[in-house]
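All values below come from the heavy atoms of this structure, side chains included, with hydrogens, waters and symmetry mates left out. Chain letters run A, B, ... following the sequence lines, proteins first and then strands; every chain starts at 1. None of the values given here were measured: they were computed from a predicted structure.
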Amino acid sequence: MEMSEAMHELDTRRLLCPMPVIKTQNKVRTLSTGDCLRVVSTDPGALNDIPAWCRINGHEVLETGEEGNEVFVVLRVGEDNGALF
Amino acid sequence: MTEATQPIKRRAIALVSGGLDSMLAVKVMQEQGIEVEGVNFFTGFCVEGHTHAIRKKDKDKDKRNNALWVAEQLGIKMHIIDISEEYKDVVLNPKHGYGANLNPCLDCKIFMVNQATLMINKARELAGDRGFDFIVTGEVIGQRPKSQRKETMPIISQESGADDRLLRPLCARNLPATLPEREGWVNRDELYDFSGRNRKPQMALAKKFGLDDFAQPAGGCCFLTDESYSNKLADLWKARNERRYELDDIMLLKVGRHLRPQPHYKLIISREEGENRFLEGYRYMFTSITTVSCPGPLALVDGAFDSEEELEQAAAIVARYSKGRVLDEVTLEVRQPDGVARQVTVKPALPDDVPVAWNVG
Ligand code: SF4
């Protein structure tokens, strides 16, 4: 059930897009449906790219925001974590 | 029709660069009922979102990642794969040589199609019929002088190991039939026979599919086709006396004004706020110079100074690009990667003190 959702963290500071997206993709592959992931980045482009990646792959964006020089995206893993192979 | 006689849904993996051609290739496949997933390779040289993110003058729309945007428009899944480490060998030792600049296009294509081939082989092993049947690219014969000639098409198919599982929907009718055509998974008559550098057929097809607002990269899909960028990369190898690079090196070549006053050091000077912010992130790796007595750029020093005079010369150059360029004196801070800093006061360099020959790129 929803209660067992875990919150995970991913640090992509200093990396430039598309690396934060790639790291997010690779991390999500190790998670399960319903898990939540908070990604922190210093590239403002991540605020466009990570939500776009989520829409394409069926993950839900719960929150996005900026904190000083950093941005963050919180997502919930959808049906398919993308780990087909 | 009963369940049992329904044809199997064939699946393809498409190399998606984010440009129009690969977008059209996917669309042509979808029109034929093929289920497509996209793959996009990150080489480190890609002209992508991050270079726009660095420049504050760019509009919001330009900050998008084109491959992701294409995937969203087409409703396909997208795998983005970091091949930057393995790709070094392609850039450093291209078997088929370089194009007009340091772009190893033919080797690059072979490498990427090979990666896609390994992916479909693996998927077939693990997922059987849920795997992929063939590979699709947006290549067009004659589109690019080096990599997309009629003779190079079979070289890419063979050397990548994809063989006749590689389909180019936009020019397939100019080439021998591939497996998906022979098996009847796709209808060859509804594929295309585009060739040459004329973009009109692609534009017409885009219009037919109702696609607009797509990215149209002028030179190619990556910075290696850019003359100035290639010159900076060649300069880097020369200065180090060896041909090698790290990801940080090739990222930094995309940013700022690069000046080499001495063979053993180079200055990377920010040109605006976005670049400033970007270079900030590298101060823990490089000695850096900033102005203290007036607003000015941030400069990284790639290399080391041999003497106090060289340090002052570098400071004077940085001062020349600051608001204090017309003043008699400017004070700057020289900070080492470990944070230890000291100040120097110099007379800003005059235009003649910074010869054009120092410009790298
Ligand atoms: S332009 Fe760059 S990415 Fe495109 S084929 Fe050539 S080397 Fe590869």
Side-chain angles (χ1 to χ4, degrees), chain A residues 10-33 37 39-61 64-85, chain B residues 11 13 18 37-38 40-42 44 46 48-54 56 58 60-84 118-127 130-132 247-248 251 254-255 274 277-278 280-282 284-285:
Chain A
L10 180 65
D11 178 0
T12 70
R13 290 180 183 92
R14 288 205 178 115
L15 296 175
L16 292 175
C17 285
M19 281 311 290
V21 181
I22 296 174
K23 296 271 182 199
T24 303
Q25 165 192 271
N26 296 350
K27 178 77 184 176
V28 165
R29 282 182 183 153
T30 68
L31 303 179
S32 312
T33 303
L37 178 66
V39 187
V40 183
S41 173
T42 43
D43 183 343
L47 279 185
N48 294 321
D49 292 359
I50 296 176
W53 178 83
C54 288
R55 287 195 299 276
I56 292 161
N57 294 289
H59 310 297
E60 189 187 349
V61 177
T64 62
E66 296 182 37
E67 280 168 357
N69 276 336
E70 299 180 352
V71 298
F72 69 90
V73 177
V74 183
L75 64 89
R76 187 183 356 240
V77 179
E79 287 290 303
D80 178 1
N81 71 357
L84 178 59
F85 38 80
Chain B
R11 286 164 44 84
I13 201 140
E37 289 191 16
N40 176 261
F41 295 108
F42 173 68
C46 313
E48 262 313 335
H50 64 263
T51 36
H52 301 302
I54 296 165
K56 70 163 192 270
D58 283 86
D60 238 23
K61 175 180 154 250
D62 298 324
K63 282 186 187 165
R64 72 186 184 199
N65 174 301
N66 282 318
L68 289 174
W69 182 82
V70 163
E72 198 166 10
Q73 297 302 302
L74 298 171
I76 60 173
K77 289 206 170 168
M78 178 64 74
H79 308 268
I80 307 184
I81 303 191
D82 175 14
I83 53 164
S84 54
L118 297 176
M119 279 174 75
I120 70 170
N121 288 347
K122 183 112 185 259
R124 192 138 274 284
E125 207 176 281
L126 298 178
R130 282 292 303 151
F132 298 95
L247 197 53
D248 282 328
M251 289 291 160
K254 298 176 185 176
V255 183
R277 210 174 337 110
F278 177 75
E280 275 285 337
Y282 285 93
Y284 77 104
M285 281 174 68

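- Put simply, CZ on R277(B) and CG on D43(A) are 9.0 Å apart, with the number rounded to the nearest 0.5 Å.
- No side-chain heavy atom of I81(B) sits under 4.5 Å from any side-chain heavy atom of I22(A).
- A cation-pi arrangement is not found for R14(A) relative to Y282(B), the charged atom failing to lie both closer than 6.0 Å to the ring centre and inside a 45° cone about the ring normal.
- Among D49(A), I50(A), N57(A), N48(A), the single residue meeting the side chain to side chain contact (heavy atoms under 4.5 Å, CB included) criterion with L68(B) is D49(A).
- Side-chain contact between N65(B) and W53(A) is absent, with no heavy atoms from C-beta onward closer than 4.5 Å.
- Every side chain to side chain contact (heavy atoms under 4.5 Å, CB included) that S32(A) has, sequence neighbours left out, goes to D35(A).
- A distance of 7.5 Å separates CG in L16(A) from NZ in K254(B), rounded to the nearest 0.5 Å.
- Counting heavy-atom pairs closer than 4.5 Å to chain A, the top residue among M78(B), E72(B), K77(B) is E72(B).
- Here I80(B) contributes atom CD1 and K23(A) contributes atom NZ; the two are 13.5 Å apart, rounded to the nearest 0.5 Å.
- Distance check: I56(A) CD1 to Q73(B) CD gives 9.5 Å after rounding to the nearest 0.5 Å.
- The 12-atom threshold is exceeded at CG of D248(B), counting heavy atoms of other residues, nucleotides or ligands nearer than 6.0 Å.
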